[in-house]
Amino acid sequence: VEDFKIDNQTTLLGHSCGGGFLLKYLSEHAELRPQKVVLVAPWLDPEKEISNPFFDFEIDPTLTDRTDLHIFISSDDFAGCLASFEIVRKALPNAHWHEFTDRGHFCTFEFPELLEVLK
């Protein structure tokens, strides 16, 4: 990611662990101000399933001041994702939340709501 220019013309999209990575990266790089960040089913390893402490970080609460942040979640996702959603919602209540009840982990080829946000 460090090899790419991230500025006010940039849109970043992360799914699952990739969403967690973007939260960490942007929280640790407060100077970055991408135009839009879209997180789909972001996962933060809330149950500490992996031994690597990669997800031991504080979410920057000013992230929603620096970018147009959209978060897609579904209530029928994996338990670890549901726990992650609550962590993110508490830290970033002002994000644009797109909530579903029937999308699981968003592993689908058709996702018109995502396309609309990315336009």
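Along the sequence shown, the residues carry numbers beginning at 1.
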When the side chains of residues 18-29 are checked against the rest of the protein, which donor-acceptor pairs come out under 3.5 Å, sequence neighbours left out?
residue : atom : partner : partner atom : Å
K24     : NZ   : F54     : O            : 2.7
S27     : OG   : L23     : O            : 2.7
S27     : OG   : D60     : N            : 2.9
H29     : ND1  : Y25     : O            : 2.9

Open item on the list: In this structure, would V88 and F78 fall into the same cluster of hydrophobic residues linked by side-chain contacts under 4.5 Å?
Closed with: no

- [ ] Can you tell me which residue pairs pass the side-chain hydrogen bond (donor to acceptor under 3.5 Å, both in side chains) test with a partner in residues 38-54, sequence neighbours excluded?
- [x] K48-D56

Task: Counterpart residues, side chain to side chain donor-acceptor pair (under 3.5 Å), relative to S75 (two or more places apart) - done: none

Task: Qualifying residues under side chain to side chain donor-acceptor pair (under 3.5 Å), relative to S16, sequence neighbours excluded - done: H105

Task: Interatomic spacing from CD in Q35 to CG in N8 - rounded to 0.5 Å - done: 7.0 Å

Just grab all the salt bridge (charged side-chain N to carboxylate O under 4.0 Å, His left out) pairs involving [range], residues at least two apart or on different chains.
range: residues 3-20; value: K5-D7
range: residues 70-83; value: none
range: residues 109-119; value: R103-E113, E116-K119
range: residues 78-102; value: R89-E99

Open item on the list: Please check this pair: side chain of R66 against backbone of L32, looking for a donor-acceptor N/O pair closer than 3.5 Å.
Closed with: yes

Open item on the list: Checking the side chain of S84 only, and the main-chain atoms of L44 only, is there a donor and an acceptor separated by less than 3.5 Å?
Closed with: yes

- [ ] Answer yes or no: does atom CD of E31 have more than 12 heavy-atom neighbours from other residues, nucleotides or ligands under 6.0 Å?
- [x] yes

Could you check if a side-chain atom of [X] sits within less than 4.5 angstrom of a side-chain atom of [Y], using non-hydrogen atoms only?
X: I71; Y: L69; result: yes
X: V1; Y: I6; result: yes
X: F55; Y: C17; result: yes

Open item on the list: Restricting to side-chain contact (heavy atoms from CB on, under 4.5 Å), what partner residues turn up for D68, sequence neighbours left out?
Closed with: K36, H70, H96

Task: Co-members of L118 in a cluster of I, L, V, M, F, W and Y side chains, linked at under 4.5 Å - done: L13, V38, V40, F72, F100, F106, F111, L114, V117

Open item on the list: I need the minimum non-hydrogen distance between C81 and A41, along with the two atoms involved.
Closed with: SG-O, 4.1 Å

